Amino acid sequence: MISIAGVIGAGLFVGSKSAIAEAGPGVLLSYALAGTLVVLVMRMLGEMATANPDTGSFSTYADRAMGRWAGFSVGWLYWWFWVLVIPVEATAAANILSDWIGAPQWVWALLVTLALTASNLASVGNYGEFEFWFAGVKVVAIVGFIVVGLLAIFGVLPGTDVSGTPGFSLTGDAGGFLPKGFSAVLAGMLLTMFSFMGTEIVTIAAAESPDPQKGVRRAVNSVIGRIGLFYLGSIFIVVALVPWNSSQLEEGGSFQTTLETIGIPGAGAIMDVVILTAVASCLNSALYTASRMVFSLSRRGDAPGWLSHVSRRGVPYPAILISTVVGFVAVIGNYVLPDKIFNYLLATSGALALVIYAFIALSQVVVRRRLDAAGERPVVRMWLFPWLTYATIAFIAVVLILMVVLPGQRVQLGLSLVLTAGVVAVGVRHQRKAAPVRE
């Protein structure tokens, strides 16, 4: 279930309206391009993960492929990304709960984070159990949304008449399929790409499962279908039924506005429950993923040794606690610091997904050649190696260049690259000063 719904983040429910406003119906191409990159990266990661499952995942593979500095750098950058997710998702959950029940938002942010931290501290099984039910709610919600939308489009849903809806045709009265041109599709791709972050968590969680190779293989082989159904399917329903430039879409969110357009009662309450579930799932994953990454760094000597201690149940409790503490500080900062300061902190993670994808692709080139030389054949293999891997690296480079050219992306790119350069510099220095430590 983690592999099925791990690709469904809160960004799909909350952030898709921004991408639609940017690209119009052409946002379908934006999601298709971003999804293709994710599929290729997951294929590479799946090859390395089935050959050698590890809770450090791509950080460990970068270490072994390119040197200790690389594993150090990508591991800490990934940890930073997920630690910053904690305050964002906790605040989003607090907003919903505060509207429902009352009480200050910071109280709910604290309670939600404490509850999921306690769950993660109890056992790794609790993380899996929570994600199972969170995933179930998300899958049912997406599939139900697509079914209801299709029934409305074909006029089967009782009491629904969308024939006069301005957005019913993808090339209708709101400027056609590409109302802002193809450049807007590329800008929309940048907005959608980061909503896919989290797909790779299954390769981290698989290392703690009874049969890692089977789990990773199934997740990687099904990623095309999952992205096609959950992302392209649901976004198609939205842009087919709601004008991309609708003021309601901007105010209420894409899924809620679509349900209200076709006359579904209680659409707002329904989507609040679904979004709260997606937010809790993302927060749960953030705590799990950040802790496992810093745990792996500690075991390799790239983080303080006490972070690799585990409980009798095999839970790396110091790693969970330190990630939670930093997350709590960020939650406090979200309420105390001026908006611009906190937004700059968030902006440092703007291009980290692309940086991490580049590390994965570069590592896979080296690891695959070593596997071939040793005569090993993992159950998942990258297609058309090495040419498709090189094409993926080139595509990532083009996207980074686009972030320089397109307005609104330069600050995120600049701060992300400054952070990356700083961490890499520390990693290189760490490699030179410390003797290599290997498991």
Side-chain angles (χ1 to χ4, degrees), residues 1-2 5-6 9-11 13-14 55 78-138 197-198 201 204-205 208 272-295 298 303-304 306-337 342 345-346 349:
M1 289 300 287
I2 292 172
F13 299 107
V14 179
T55 54
Y78 193 67
W79 178 83
W80 175 249
F81 177 91
W82 282 108
V83 163
L84 283 185
V85 165
I86 294 173
V88 173
E89 302 301 336
T91 302
N95 289 338
I96 296 174
L97 292 170
S98 182
D99 289 341
W100 285 356
I101 306 173
Q105 291 181 357
W106 68 268
V107 173
W108 286 116
L110 180 66
L111 291 175
V112 169
T113 309
L114 280 175
L116 291 175
T117 300
S119 169
N120 274 266
L121 284 171
S123 73
V124 66
N126 282 355
Y127 165 73
E129 187 72 19
F130 271 85
E131 278 306 294
F132 175 84
W133 293 108
F134 288 152
V137 171
K138 291 189 289 184
M197 198 68 169
I201 292 175
I204 298 174
E208 296 186 79
D272 277 346
V273 172
V274 174
I275 292 171
L276 180 61
T277 302
V279 164
S281 172
C282 196
L283 179 55
N284 193 39
S285 294
L287 289 168
Y288 174 83
T289 308
S291 64
R292 266 45 178 192
M293 186 56 70
V294 79
F295 167 76
S298 176
W306 55 271
L307 289 173
S308 61
H309 294 165
V310 296
S311 68
R312 293 180 180 178
R313 295 185 177 183
V315 176
Y317 62 93
I320 294 174
L321 290 174
I322 194 64
S323 300
T324 304
V325 166
V326 176
F328 271 132
V329 171
V331 169
I332 295 171
N334 196 20
Y335 292 97
V336 176
L337 294 176
F342 190 74
L345 287 177
L346 291 179
S349 65

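As the structure is a computational prediction, the values presented were derived from the model and not from experiment.
Residues Ile322 and Ala319 share a closest heavy-atom pair of CG2-O, 3.3 Å. Contact between Val315 and Ala122 at its shortest, heavy atoms only, is CG2-O, 3.9 Å.
Between Tyr78 and Phe81, the ring planes are parallel. Angles under 30° get that label, and only those over 60° would be called perpendicular.
Applying the side chain to side chain contact (heavy atoms under 4.5 Å, CB included) rule to Ser298 yields the partners Ala303, Leu307, Ser308; only residues at least two apart in sequence or on another chain are considered. Partners of Trp80 according to the side chain to side chain donor-acceptor pair (under 3.5 Å) rule, which considers only residues two or more places apart in sequence or in another chain, are Thr348. Listed by chain and number, the residues in a side chain to side chain donor-acceptor pair (under 3.5 Å) with Ser323 are Trp79 (sequence neighbours excluded). Shown here are the side chain to side chain contact (heavy atoms under 4.5 Å, CB included) partners of Val137, two or more places apart in sequence or in another chain: Thr277.
The distance from the CG atom of Leu276 to the CZ atom of Phe13 is 12.0 Å, given to the nearest 0.5 Å. Interatomic distance, Glu89 CD to Trp82 CH2, rounded to the nearest 0.5 Å: 8.0 Å.
In terms of modelled atom types and a separation under 3.5 Å, the side chain of Asn120 and the main chain of Leu116 share a donor-acceptor contact.
Side-chain contact between Ser119 and Tyr288 is absent, with no heavy atoms from C-beta onward closer than 4.5 Å. Counting heavy atoms from C-beta outward, Thr113 and Phe328 have side chains that approach closer than 4.5 Å. Residues Ser281 and Lys138 meet the side-chain proximity criterion, which asks for heavy atoms closer than 4.5 Å. In this structure the side chain of Val85 never reaches within 4.5 angstrom of the side chain of Leu283, judged on heavy atoms. Contact annotation: the side chain of Ile320 never approaches that of Phe295 to less than 4.5 Å [non-hydrogen atoms, C-beta and beyond].
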Using a 3.5 Å cut-off and no angle test, enumerate the donor-acceptor pairs between side-chain atoms of residues 93-101 and protein atoms at least two apart in sequence or in another chain.
unit_1, atom_1, unit_2, atom_2, d
Asn95, OD1, Gln105, NE2, 2.8
Asn95, ND2, Thr91, O, 3.3
Ser98, OG, Ala103, O, 3.0

Residue pair Thr324, Leu114: steps toward the side-chain contact (heavy atoms from CB on, under 4.5 Å) verdict: CA-CA 9 Å; Thr324 304; Leu114 280 175; over 6 Å; no
